[in-house]
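Quick note: residue numbers are just sequence positions, from 1. All heavy atoms count here, side chains included; hydrogens, waters and symmetry mates do not.
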Amino acid sequence: MSRPVVHSNEPAEDRPVHYRGRFAPSPTGPLHFGSLVAALGSYLDARVAGGEWLVRMEDLDCRREVPGAADDILRTLDAFGFEWDGEVLYQSSRTDAYAQAVDRLRNQGLVFSCGCSRGEIAANGLPGVDGPVYPGTCRFGLPPGKRARSLRLRTDSGLVLARDRIRRELRQDLAREVGDFVLCRADGIHAYQLAVVVDDGYQGISQVVRGADLLSSTPRQVFLLQALQLPVPSYAHLPLVVDSTGRKLSKSHAAAPVDRADPIPALLRAWSLLGQEPFPELPANLPELWSNARSAWKTSSVPKDGPMRLEDGESSQSRVNTFPLDNPLPKQTTTVQAGWRQGLPARIRDLG
C-alpha cells in the first residue's frame with residue numbers, strides 16, 4: 001500500500017505567475033566555476049521568462065566567511081555581465097526574522113530542544129539521505145544529564161513531494177529518511193534550511209534554480225515553508241561540476257576562481273555544460289554573448305544527469321567530461337574554444 005503525500009510543492013491555481021528567482025552564494029571564497037554554472041542557469045531562466053533575478057549572500061556562518069569575499073563575488077558577477085535586481089540581501093542582517101520564524105514554529109508545537117552531539121547521532125541513527133537519521137532521543141524531553149544544545153523541528157510521517165522542472169519528482173519521508181532536523185545549531189547560528197525558506201518567503205521567490213547538491217534538501221524546505229504558511233516556489237536543479245575525484249568544486253582544490261579579466265571563455269564553457277546549442281558564430285564581445293544566450297536559452301536542454309567532471313589540471317577554459325549519476329556512459333568531451341579578450345569596463349555597483 002502506497003503512503004499518502006502529505007506535503008507537496010504542486011502549484012496552486014491562484015499562484016501569481018510573476019517570475020522572481022535568486023542566486024545565493026556563500027562568501028567563503030571567490031566565485032568558482034561551479035557557482036558560475038549555477039548563476040548562469042538561474043539568471044537565464046529568469047531573464048528569458050521576463051522575470052527578476054536577485055542576489056542573496058548566505059553569510060550566516062562568520063567562521064567560514066572569508067573577509068572581502070562577498071564584495072569579490074559581486075565584482076565578478078558584474079564583470080561577467082550579470083545584472084541583478086534590487087539590493088543584495090545579506091543573511092547576517094536577518095537573524096531577527098529567523099528567530100521570529102522559530103517562535104512561530106514553537107507555538108505550533110513543532111520545535112524541541114536537543115542535547116545530542118553529532119557523534120551520538122552518528123552512533124545511534126540509521127543511514128539517511130544526508131547522513132544519520134536523527135533517532136529522536138530528545139523528541140519528548142531532554143534525557144537526564146543532557147543540556148540543550150540545538151533546536152530541532154519535529155517531522156511527521158508521510159511523503160513530502162517535491163517536483164523538479166529539470167531532473168525528476170522526489171518523494172521523501174522526512175521522518176524515516178532525515179528525522180527531526182536542526183533549526184538552530186549548538187553555536188547559536190540558525191540553520192541553512194530555516195534561513196533559506198524564511199528569505200525565499202520574504203523576497204517573494206517564485207522559482208528556485210540551483211545546483212543538484214541541494215535536491216535532497218528540497219522536501220525539508222517544502223515542509224518548512226508550509227509549516228510557516230509561506231508560498232512554495234517551483235524548483236529546478238542543475239547538474240553539479242565536480243573534480244576528478246567526484247568532489248563538489250566548492251570542497252575541492254580544483255575550485256580555482258574564474259577570471260574576471262576574461263569572462264567569455266568561462267561563460268561559453270558553462271553554456272555548453274548546461275546542454276545549450278553552440279552559437280552559430282563566436283561572440284565578439286560580452287553584450288553579444290548575452291544577447292545570443294537570451295535568444296537561445298532552453299531550460300529543457302539542461303542535462304538531467306550529472307555530475308559534470310573536471311579532470312586533473314583542467315580549468316574553466318578547458319574541456320569537460322560528463323557522467324550520468326546512475327548509469328555511467330563512455331566518456332564524452334566537449335571542447336570550448338578560448339582566447340577572446342574584451343575590454344568593456346566592469347559595471348561595479350556601489351562596491352567602492
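- Contact between L215 and L170 at its shortest, heavy atoms only, is O-CD2, 3.4 Å.
- The two residues P135 and N124 make their nearest non-hydrogen contact at CB-O, 3.9 Å.
- Formation of a donor-acceptor pair under 3.5 Å by the R154 side chain with backbone atoms of F112 is not found in this model.
- Side-chain atoms of Q221 never come within 3.5 Å of backbone atoms of V196 as a donor-acceptor pair (strictly under, hydrogens ignored).
- Interatomic distance, CG of D213 versus CG of L240, reported as 4.5 Å (0.5 Å rounding).
- For Y98, the ring-ring contact (aromatic ring centres under 6.0 Å, His included) partners at least two apart in sequence or on another chain are H190.
- In terms of modelled atom types and a separation under 3.5 Å, the side chain of R106 and the main chain of L110 share no donor-acceptor contact.
- For the atom pair Q193 CD and S217 OG, the distance stands at 4.0 Å (nearest 0.5 Å).
- Taking the charged nitrogens against the carboxylate oxygens, D59 and R94 have no contact shorter than 4.0 Å, which rules out a salt bridge.
- Not a single donor-acceptor pair under 3.5 Å links the side chain of S291 to the backbone N or O of P287.
- For the pair R176 (side chain) and S157 (backbone), a donor-acceptor distance under 3.5 Å is absent.
- In this structure, D103 and V111 have side chains that are not in contact, with every pair of non-hydrogen atoms separated by 4.5 Å or more.
- Contact annotation: the side chain of R269 approaches that of F33 to within less than 4.5 Å [non-hydrogen atoms, C-beta and beyond].
- Comment: D164 does not engage K304 in a salt bridge, judged by the lack of any side-chain N to carboxylate O separation of less than 4.0 angstrom.
- Without hydrogens or angle criteria, W271 side chain to E277 main chain gives a donor-acceptor distance under 3.5 Å.
- Between L273 and V37, the shortest heavy-atom contact is CD1-CG2, 4.3 Å.
- Under the 4.5 Å side-chain criterion, counting only non-hydrogen atoms from C-beta, M57 is not in contact with Q91.
- Between D72 and R75 there is no salt bridge, since none of the side-chain N atoms of the basic residue sits less than 4.0 Å from a carboxylate O of the acidic one.
- S113 and A148 get closest at one heavy-atom pair: CB-CB, 3.8 Å.
- In terms of modelled atom types and a separation under 3.5 Å, the side chain of T28 and the main chain of R64 share no donor-acceptor contact.
- Applying salt bridge (charged side-chain N to carboxylate O under 4.0 Å, His left out) to E169 and the options R171, R167, R165 leaves one that passes, R171.
- For the residue pair R294 and Y43, a side-chain donor N or O sits within less than 3.5 Å of a side-chain acceptor on the partner.
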Discussion item. Does L153 form a side chain to side chain contact (heavy atoms under 4.5 Å, CB included) with L194? I'd like the steps, not just the answer.
Written reply: CA-CA 10 Å; L153 182 77; L194 175 72; over 6 Å; no

Discussion item. Pair R56, I205 - check side chain to side chain contact (heavy atoms under 4.5 Å, CB included), show working.
Written reply: CA-CA 11 Å; R56 179 194 307 158; I205 301 300; 3.8 Å; yes

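- The pair D199-R22 fails the salt-bridge criterion, with no side-chain N (NZ, NE, NH1 or NH2) lying under 4.0 Å from an Asp/Glu carboxylate O.
- With a 4.5 Å cut-off on side-chain heavy atoms, W290 and L44 count as touching.
- Under the 3.5 Å distance criterion, the side-chain polar atoms of D180 are matched with a main-chain donor or acceptor of T155.
- In this structure the side chain of L36 never reaches within 4.5 angstrom of the side chain of T76, judged on heavy atoms.
- The nearest pair of heavy atoms linking T218 to A162 is CG2-CB, 3.7 Å.
- Considering all non-hydrogen atoms of both residues, R220 and F181 come closest at CG-CE2, 3.4 Å.
- Between L267 and L286 there is a side-chain heavy-atom pair separated by less than 4.5 Å.
- Applying the ring-ring contact (aromatic ring centres under 6.0 Å, His included) test to W297 and every residue at least two apart in sequence or in another chain returns nothing.
- A donor-acceptor pair under 3.5 Å is absent between the side-chain atoms of S150 and the main chain of A186, judged by distance alone.
- Ionic pairing of E120 and R149 is not present here: no N-O contact between side-chain nitrogen and carboxylate oxygen is shorter than 4.0 angstrom.
- Atom NE2 of H237 and atom CZ of R210 lie 4.0 Å apart (nearest 0.5 Å).
- Residues F23 and F82 have side chains not in contact (no heavy-atom distance under 4.5 Å, counting atoms from C-beta outward).
- Between F80 and V258 the shortest side-chain heavy-atom distance falls below 4.5 Å.
- A donor-acceptor pair is defined here as one N or O able to donate and one able to accept, closer than 3.5 Å; such a pair exists between the side chain of R47 and the backbone of E83.
- The NZ atom of K146 lies 7.5 Å from the SG atom of C114; values are rounded to the nearest 0.5 Å.
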